[in-house]
Amino acid sequence: MLLSLEYYRELRFGIDILTVESRYRGKGIGRHLASSLIDEAKKLNAEKISIQCMPTSSEAFWKSQGFIEDPDKPCERIRGVAMQDLHLEMRLYANEP
């Protein structure tokens, strides 16, 4: 698991790699890890969590955790299938004016 904490115009928490070995999938391990990472990002007052889905087969998992496609990094799709890396995000706190 690789994580990054970046500051550009906002404090962004990045999940670079999160994987569960295939024989351990379906046991809630990924959900527990993702939930723990989301909680940690909130403790650090991150405004956003960014992830890059590779492979895109993990899209359903991340969306089930509350992530949405990053509107700043649209992904080309053909027949609903992503043709490149898919960028997802979760906004934790609304930007204040």
### Query
Going only through I, L, V, M, F, W and Y residues with side-chain contacts under 4.5 Å, is there a path from Leu44 to Leu18?
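Yes; Leu18 is reachable from Leu44 via cluster members.
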### Query
Ile51, Ile29: one ILVMFWY side-chain cluster at the under-4.5 Å cut-off?
yes
Grab the two heavy atoms, one from [X] and one from [Y], that are nearest each other, plus how far apart they are.
X: Leu88; Y: Phe67; answer: CB-CB, 4.0 Å
X: Ala34; Y: Phe61; answer: CB-CZ, 4.0 Å
X: Gln65; Y: Met90; answer: O-CE, 3.0 Å

### Message
Does any part of the side chain of Leu86, heavy atoms only, come nearer than 4.5 Å to the side chain of Trp62, both counted from C-beta?
### Response
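Contact flag for Trp62/Leu86 side chains = no.
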### Task
Indicate yes or no: at least one non-hydrogen side-chain atom of Lys48 is less than 4.5 angstrom from one of Leu92.
no
### Query
Ion pair present between Arg12 and Glu89, side-chain N to carboxylate O less than 4.0 angstrom?
no
### Summary
Value for CD1 (Ile15) from CD1 (Ile38), rounded to nearest 0.5 Å, stands at 6.5 Å
### Query
Among pairs that include at least one residue of residues 25-42, which meet side-chain hydrogen bond (donor to acceptor under 3.5 Å, both in side chains), considering only residues two or more places apart or in two chains?
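Only Arg31-Ser64 qualify under side-chain hydrogen bond (donor to acceptor under 3.5 Å, both in side chains).
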